[in-house]
Structure formats: structure tokens, C-alpha cells
Amino acid sequence: MHPLPTATPALTRRELARLLTRIENRQATSELSALYPFTGQAHVIGVTGAPGSGKSSLVNALTLYYRQQQRTVAILAVDPSSPFTGGAILGDRIRMRDLSGDPGVFIRSMATRGTLGGLAATTADAIRALDAAGFDLVIVETVGAGQSEVDIARMAHTTLVVEAPGMGDDVQAIKAGILEIADILVVNKADRPGADNTVRALQAMLELGHPAGWLPPILQTVATESRGIAVIADHIEAHRFYLRQSGALISRERAQLEAELFTRLRETLLNQLLTRLEAGALSAILDQLTMRHIDPDTAVQRLIDNT
Ligand SMILES: Nc1nc2c(ncn2[C@@H]2O[C@H](COP(=O)(O)OP(=O)(O)OP(=O)(O)O)[C@@H](O)[C@H]2O)c(=O)[nH]1
Ligand SMILES: [Mg+2]
């Protein structure tokens, strides 16, 4: 592993694993505040897209490539729908076995069922722990295209949206509006028929309008054969350079921190209010709401006055 920042106590792999468990359980407040000054070093890459499009295979191939360049990599696999031992996560473990035993690689699946508080907050904290631990790259894989994937993708500096041919001509990612968060579009399984159609569909979507600035490239890969991986890495590097040059790195981070701050503030204030309420107050207000004796805004005011 890359040497840890000198002021942080060096973490062994086991200690890092335990810290991540405490983060999942939301029991790492003091550790997180101690390591926060040492974050902001790693380049965070988000990898998202439809189930089975080849995200894990791509992460695997990309990590092998980075290791050849002597760069260290931490991988966080986040699946909002699967339990800890679910098929997808288990599959990831098997596919990523070529990486196990390498001290420059750290792989963690995030259990999200039963996590207290938001998945996004937990993921943000886990990324920070891996960043502070000194990994050059932190890769976050998320399945699907729901709101939590979008929230997680926003934490990445560079987001890869992975498509595969034959997953519907309408291109699944677009349906969920995930194209907006793509910095690099990857058409994986380019060895399969229909890859050119998928490229064309994505091209057409991009031409409909994308924000000024960075134009997401559309790149083809065969992840299982490590084909096209170096080109992906080059574009990630180019995007990183663009973010620094344009000032977007700072503005994105600020916007992301603002959103996170509001989320945490909302959660904290709500919890404070709920713990301060007199027993039965919430239930009484709900009764009144149900019976149409008061409206929701009045209910909010009564709850605040009650505390
Ligand atoms: N032909 C072909 N198969 C691929 C390629 N990349 C991945 N696969 C296969 O596609 C299947 C799914 O790959 P994964 O890497 O697990 O896909 P994923 O997107 O991580 O899947 P989930 O995490 O379950 O959403 C596996 O059987 C892979 O071997 C590719 O480039 N070409
Ligand atoms: Mg996967």
C-alpha cells in the first residue's frame, strides 16, 4: 500500500476493514473526523450501469492495468438491493479473485441492508476512509440506475456509465436519466453483435444536448479480455486533468459537500426533534392529521412547539 499520510496512524488492512464496518454501523464519528484532513488525495472513479453490463469485469481489468502502473486501488462495491451475501456481491468476489493477495489492492463490498441512515452518507464516509488510507484510486461500483446510484455517482470525480449491446435499443441508462452523470460512456461487450448500434444510440442522445464543457467520450471495451482498458484509463486521466484545469474539481466538490451537509443536517435535526418529543405526541398528531382536524403544515408547527 502507498505510505499513509505521516500524521495519520498507519492502518493495517485488518484495521481498515474494521473501520469500514464501524462506518457501516455509523459508529466511527471520531475516527472520521480525525481522518478528514487527510482526504481529498485519491481520484474517485464511479462505475455504474445496468445489471450484468460488465461493471465488475471492467473494474477488475482497470485495476489490473493500474497495478501495472504501480498505482494502488481500493474498490468499493455498493449494491443497494442485495443483502451482504447476495448473488451480485458474491459474483464480484469471484470475478475479482485475480486481484486478491495483491497488497496494492483493497476490495470491500458494502452491506447496505440494515445500514442506519442513508446509503449515500455511509458510502461517502467509506470513500474517505479509503482515500485517507493512501490509495491512489478509489473505484466505486454501483448497480442499476436509481436515485441512490446517482447520489453515489456524484461523489466520484469521474463517472463511467457502462452499457452493453442488446440491452434494449432505447439504452437503459437514458431511461433513468443516468446519462447526465456520465463523464465517460463505455460500451462493454464490444465482442457481441449490436455494439455499433449501442454506440450510435448513445451518440444520438449526447447530440440532443449535454452541458457545455466536457464532452463524454463513447468507448468500446471487452472487459473480460482487457481490450480497450488502456484507452479508458487515458480518458480518466484526461478527465482528471480537465477537472483541475477548469476549476470544476473545486466547484463539484463544494456542491457535493453542500448537498451532503444539508442531508446530514436534516437527519440530525429530525433525530433531535424526535428524541425531544413527549411520549405519544407524534401518535396524537398523526391521529389529528388522519381525522382532518389539522393539516400537515400545522402538524409540523405543533411538533416543533411541542419540543
Ligand atoms: N462477451 C463478453 N462478456 C462479458 C464482457 N464483460 C463482462 N462479460 C460477462 O458478463 C457477465 C456479467 O459481468 P459482470 O462484470 O459481473 O457485470 P456487472 O455489471 O458487474 O454485473 P452486476 O454487478 O451483477 O450488475 C459475466 O458473465 C461476464 O463474464 C465482455 O466484454 N464481453
Ligand atoms: Mg458487478
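Whatever order the structure lists ligands and atoms in, that order sets their numbers, starting from 1. Numbering starts at 1 and runs along the sequence shown. Worth knowing before you read on, the calculation uses all heavy atoms, side chains too, and leaves out hydrogens, waters and symmetry mates.
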Q. For ligand 1, is there an N or O atom under 3.5 Å from any N or O atom of Gly52?
A. yes
Q | Glu141: numbered ligand 1 atoms lying under 4.0 Å from its heavy atoms | A | 20 (O), 23 (O)
Q | Connected via hydrophobic side-chain network under 4.5 Å: Ile304 and Leu270 | A | yes
Q: Would you tell me which option among Gly49, Ala190, Ser57 has the nearest heavy-atom contact to atom 7 (C) of ligand 1?
A: Ser57
(Q) Taking 4.0 Å as the limit for heavy-atom contacts, which would you say applies to Glu225 with ligand 1: side chain only, backbone only, both, or neither? (A) neither
Q) Is the count of non-hydrogen atoms from other residues, nucleotides or ligands lying under 6.0 Å from Ile250 atom CD1 greater than 12? A) no
Q: Using atom types as modelled and distance alone, determine if a side-chain donor or acceptor of Arg13 lies under 3.5 Å from a backbone N or O of Pro103.
A: yes
Q: Between Arg227 and ligand 1, find which residue part has any heavy-atom pair under 4.0 Å and reply side chain, backbone, both or neither.
A: neither
Q) Nearest 0.5 Å, what's the CZ-CD1 distance between Arg240 and Ile236? A) 11.0 Å
Q) Between Asp125 and Arg264, is there a salt bridge with N-O shorter than 4.0 Å? A) yes
Q: Give yes if a backbone or side-chain nitrogen or oxygen of Gly54 is under 3.5 Å from a nitrogen or oxygen of ligand 1, and no if not.
A: yes
**Q.** Vertex the Mg ion (ligand 2), arms to Ser56 OG and Glu141 OE2, rounded to 10°
**A.** 90°
Q) Under the salt bridge (charged side-chain N to carboxylate O under 4.0 Å, His left out) criterion, do Arg18 and Glu31 qualify, and how do the steps go? A) CA-CA 12 Å; Arg18 286 186 181 150; Glu31 287 119 309; over 6 Å; no
Q. Just by modelled atom types, is the His239 backbone N or O under 3.5 Å from a matching donor or acceptor in the Trp214 side chain?
A. no
Q. Between Asp191 and ligand 1, which part of the residue brings a heavy atom under 4.0 Å of the ligand: side chain, backbone, both or neither?
A. side chain
(Q) Using a 3.5 Å cut-off on N or O atoms only, is Leu58 in polar contact with ligand 1? (A) no
Q. Quick one: which ligand 1 atoms are inside 4.0 Å of a heavy atom on Pro51?
A. 25 (O)
